[in-house]
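Heads up: the structure comes next, in structure tokens.
In what follows, chains are A, B, ... by sequence order, proteins preceding strands, each numbered from 1. Computed from a predicted model, the values in this text were never measured in an experiment.
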Amino acid sequence: MRKILVVEDEDLLREAYLDVLSTEPYQIDTAADGKQALNKCRETKYDLILLDLMMPVVNGVEFLEYYIQEGLSPKRVLILSNLSSGKELNKAMELGAYKNLLKANISPKQLLSTVRYELEAA
Amino acid sequence: MFKSCGGKEVYFFLNIQAKDAVKLNPQHNQALAELANYRLLVESIQDYAIFILDKGGHVRTWNKGAEKNKGYLANEIIGKHFSIFYLEDDVISRKPERELELAQKLGRVEDEGWRVRKDGSQFWASVVITALYNTSGTLVGYGKITRDLTERKSHEDELRKANYLLREQQKDLEELNLSKDEFISLASHQLRTPATVIKQYIGMLLEGFKGRVSGEQTEILQKAYDSNERQILIVNDLLRVAQVDAGKVIIHKVPMDIKSLLTDMVEGQRSAFGKRGQTVITKFDEPISDINLDPVHFRMALENILDNAIKYTPNHGKIMLSVSAAPKSSRVKISIEDTGVGLKQKDIPKLFTKFARISNSLSSKVGGSGLGLYWADKIIKLHGGTIEVDSKLNKGTNFNIWVPVS
């Protein structure tokens, strides 16, 4: 079973993503900040991580830095944030996150088809 | 005759009254008369204090200007050391002596600074001290010319102060502008989150994630969804404009095949003009070599212009897209020509201003942030290009976008 981690601090969005992605037979875990996400990553090897950037405690960029330090590959990390540009996004892409999508531009159906596509490509 | 190298003679003759001339040898008469005139000239000048110091810096002559300027009468000052004209601190630091030393070394010394009058009041003086030598080259004293420039100085100070205040105001305004840009940027990011949540939840219903929705329900949900989409577009435009206004947009130019960029763009907008039954005709006849462009920003700028053309062209109308370049021309012209409502001549300059909404028969039905063309214009300018607009009311508008090839 494909394993997905959704990292999103906004409760309503996290729930919505979980709801939408649950229509497929995936194992979906969620985390409300970068710290929770790191703990999940230590337990489970995910096929895809949807990562928000602006989060409390440990933000997306910091998460990526720790994640790489622990020898994990950023290749499966897809940035799903509401930053269309700026330092944070640039840093995340420099660290090796392989794709960047703007949350506000993605409908549930588009999210689902993106995830399906990425998992098939993996 | 009144020059430093003949110092001793000048000093001597300045003490001769014009009437004395006749008593002396007639062959000197003319020279003496001339000297008397010089004396008259120097004595009468009121705007400049002109006087002579001996080698030790004691005042030896005094004119009307000096009297007026410094407040001393000749009999009060002759014989006194000239440091009396200086501020106490300058006297302590030996400024008067240093000026004389410098004048002796260099021939002359110029200075501007505060000096003191007899009554203790201060004035801003412009001073020239010239070393005076006799014919055998021995230093005999110094000529000192002083002008009161207090008025000019106070004007200058006022100007400087005004200038400083202006610069401070400018800095404040720049900071305010920066915090305004930051505010817009932050506020827009914050606004995106609730709009994103709305999009997900209404989207789930509309896209059938929660079972079948009736036609009437779909209609209502679609209205809410579309309205939210508009809000997201406005927020996106606001953010983009805040970035370009803050100078944060960096153009990364790469050689681009303009025709394929335009073809891709038209494909991307197909659903928008298809929905309206409009046709977009592309006309790329001439071979055109690659142009250096920022593919992301440039395409978005053109999209904004095409989007505008789609909005203001009636259903089933036509939009023409063409590219042309004169042989060996350093510029390429991209034309986006619609068959829309057109513009009045007086409205054309308003097109590229922020929040420009020009009233016409369609404007009440067409949504938008009023920022799209403003942003596009800025981006084209960042490419070193320009946009020309040609429009006829009720016939259509033609946007000619000129961009340099390199």
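- Here the OG1 atom belonging to Thr193(B) is positioned 5.5 Å from the CG atom belonging to Asn82(A), to the nearest 0.5 angstrom.
- A distance-only check finds a donor-acceptor pair linking the side chain of Gln200(B) to the backbone of Ile106(A) [under 3.5 Å].
- Contacts of Leu102(A) with chain B are made by side-chain atoms alone, with heavy-atom separations under 4.5 Å and no backbone atom involved.
- Partners of Asp377(B) under the side chain to side chain donor-acceptor pair (under 3.5 Å) rule, at least two apart in sequence or in another chain, are Lys381(B).
- Heavy atoms closer than 4.5 Å to chain B are found in both the backbone and the side chain of Ser107(A).
- Contacts classified as ring-ring contact (aromatic ring centres under 6.0 Å, His included) and involving residues 65-102 of chain A (residues at least two apart or in different chains) are given here: Phe63(A)-Tyr67(A).
- For residues 242-273 of chain B, a heavy-atom distance under 4.5 Å to chain A picks out Gln243(B), given by residue number.
- By the neighbour-count criterion of 12 heavy atoms within 6.0 Å, atom CD of Glu216(B) is sparsely surrounded, having that number or fewer from other residues, nucleotides or ligands.
- Residues Pro108(A) and Gly203(B) come closest through the heavy atom pair CG-C, 3.6 Å.
- Residue contact with chain A, scored on non-hydrogen atoms closer than 4.5 Å, is absent for Asn228(B).
- Inspection of non-hydrogen atoms places Glu207(B), Phe209(B), Lys210(B) of residues 205-215 of chain B under 4.5 Å from chain A.
- Of the atoms belonging to Asp19(A), it is side-chain heavy atoms, and not backbone ones, that fall under 4.5 Å from chain B.
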